[in-house]
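Everything on this sheet refers to the single structure shown next.
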Amino acid sequence: MDKENFFERVYEVVRQIPPGRVTSYGAIAEFLGTKGSSRMVGYAMNACGTAWPPVPAHRVVNRRGLLTGKRSFSSPQLMQQLLESEGVKIENDKVVDFKSLFWQPGAEL
DNA sequence: GCAATGACTGGAG
DNA sequence: CCTCCAGCCATTG
């Protein structure tokens with residue numbers, strides 16, 4: 001499917017996110033050149049389960065660092081668990097010190 | 001093809 | 001830092 005092309009772009013970036021780091025949908029969308037399509041990034045993540053290799057979607061949060069996509073995970077608490085497992089502290093479904101853990105695509109590539 | 005939906009964002013309070 | 005409003009864009013019914 002040609003549309004997969006767009007999704008794979010998102011997956012490729014997300015897979016490059018270092019452990020213990022997080023990024024926002026807008027940052028990915030902007031990096032891909034589809035800044036206005038920030039929602040599409042999230043939409044692509046919704047289909048990340050169909051992508052291979054697996055995509056660490058738990059490292060992708062909204063601009064506030066809120067785990068908005070945890071409900072779309074296999075288990076809502078899985079996302080938080082994975083992040084904490086990587087050293088990212090989560091409180092009230094949001095990343096602690098999010099701006100410090102923020103990672104921009106292409107920044108350290 | 002139009003209307004509704006959504007893992008969003010920026011600006012203002 | 002958080003909440004509310006309006007704008008954007010691709011996918012789906």
Side-chain angles (χ1 to χ4, degrees):
Chain A
M1 309 180 189
D2 296 36
K3 57 181 173 64
E4 293 273 309
N5 203 315
F6 175 77
F7 294 113
E8 292 213 8
R9 291 291 162 203
V10 181
Y11 302 147
E12 217 171 315
V13 177
V14 176
R15 280 194 284 248
Q16 287 164 67
I17 303 176
R21 290 289 183 90
V22 288
T23 188
S24 60
Y25 302 90
I28 299 173
E30 186 177 2
F31 180 76
L32 296 175
T34 59
K35 188 185 181 192
S37 305
S38 44
R39 308 181 85 128
M40 303 302 91
V41 178
Y43 202 88
M45 296 283 86
N46 190 15
C48 73
T50 65
W52 192 263
V55 181
H58 59 271
R59 293 178 189 152
V60 185
V61 295
N62 73 343
R63 68 158 182 202
R64 267 175 41 196
L66 190 65
L67 309 186
T68 48
K70 70 173 198 152
R71 19 183 142 202
S72 295
F73 269 68
S74 310
S75 299
Q77 37 190 71
L78 178 63
M79 187 176 189
Q80 180 174 334
Q81 187 177 315
L82 286 168
L83 286 168
E84 291 186 318
S85 185
E86 295 183 352
V88 180
K89 301 288 166 51
I90 307 298
E91 188 159 323
N92 194 3
D93 293 353
K94 67 179 184 300
V95 179
V96 179
D97 201 10
F98 164 69
K99 53 189 177 76
S100 296
L101 296 173
F102 188 85
W103 176 86
Q104 188 165 48
E108 300 178 30
L109 289 174

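All values below come from the heavy atoms of this structure, side chains included, with hydrogens, waters and symmetry mates left out. Proteins come first, then strands; the chains are lettered A, B, ... in the order of their sequence lines, and each starts at number 1.
For residues 44-59 of chain A, the salt bridge (Lys or Arg N to Asp or Glu O under 4.0 Å) pairs, not counting sequence neighbours, are R59(A)-E86(A). Among pairs with a residue in residues 27-51 of chain A, none fulfils salt bridge (Lys or Arg N to Asp or Glu O under 4.0 Å), at least two apart in sequence or across chains. For the salt bridge (Lys or Arg N to Asp or Glu O under 4.0 Å) condition, the pairs that include at least one residue of residues 63-79 of chain A, sequence neighbours left out, are K70(A)-D93(A).
Here the P atom of nucleotide dC8(B) and the CZ atom of F102(A) are 15 Å apart, to the nearest Å. Between E30(A) atom CD and dC9(C) atom P the separation is 15 Å, expressed in whole Å. One can place CZ of F6(A) at 15 Å from P of dA7(B), the figure rounded to the nearest angstrom. The CG atom of L32(A) sits 16 Å away from the C1' atom of dT9(B) (whole-angstrom rounding). Following rounding to the nearest Å, E91(A) (CD) and dC2(C) (P) show an atom-to-atom distance of 11 Å. Residue F98(A) contributes atom CZ, which lies 12 Å from atom C1' of dC8(B) at whole-angstrom precision. When the P atom of dA7(B) is taken as reference, atom OH of Y11(A) falls 14 Å away, rounded to whole Å. Protein atom NZ of K99(A) is 11 Å distant from nucleotide atom C1' of dC1(C), rounded to whole Å.
No side-chain heavy atom of P56(A) sits less than 4.5 Å from a side-chain heavy atom of I17(A). In this structure the side chain of T34(A) reaches within 4.5 angstrom of the side chain of F6(A), judged on heavy atoms. Looking at heavy atoms from C-beta onward, Y25(A) lies out of side-chain contact with V10(A) at the 4.5 angstrom threshold.
The hydrophobic cluster around L66(A) extends to none of the other residues, as no ILVMFWY side-chain heavy atom falls under 4.5 Å of it. Listed by chain and number, the hydrophobic cluster partners of F73(A) are V22(A), V61(A), L67(A), L78(A), M79(A), L82(A), L83(A), V88(A), I90(A), V95(A), F98(A), L101(A), F102(A), where partners are ILVMFWY side chains within reach of under 4.5 Å, directly or through others.
T34(A) comes within 4.0 angstrom of no nucleic acid atom, judged by non-hydrogen atoms across all strands.
Listed by chain and residue number, S100(A) satisfy the side-chain hydrogen bond (donor to acceptor under 3.5 Å, both in side chains) test with D97(A) (two or more places apart in sequence, or in another chain).
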Distances under 3.5 Å between nitrogen or oxygen atoms of protein and nucleotides 2-6 of chain B:
residue: dG6(B); atom: N7; partner: R39(A); partner atom: NH2; Å: 3.4

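Side chain of Y11(A) to main chain of P53(A): no donor-acceptor pair is present (N/O by atom type, distance under 3.5 Å, no hydrogens or angles). At least one donor-acceptor pair closer than 3.5 Å links the side chain of T23(A) to the backbone N or O of W103(A).
Nearest-nucleotide mapping onto DNA chain B: of K35(A) and M45(A), the residue sitting toward the 5' end is M45(A). Both S37(A) and K94(A) lie close to DNA chain C; mapped to their nearest nucleotides by heavy-atom distance, the more 5′-ward contact belongs to K94(A).
The stretch residues 72-90 of chain A touches DNA chain B through S72(A), F73(A), each having a heavy atom under 4.0 angstrom from the strand. For the segment residues 57-68 of chain A, the set of residues with a heavy atom within less than 4.0 Å of an atom of DNA chain B comprises A57(A), N62(A), R63(A), T68(A), in numerical order.
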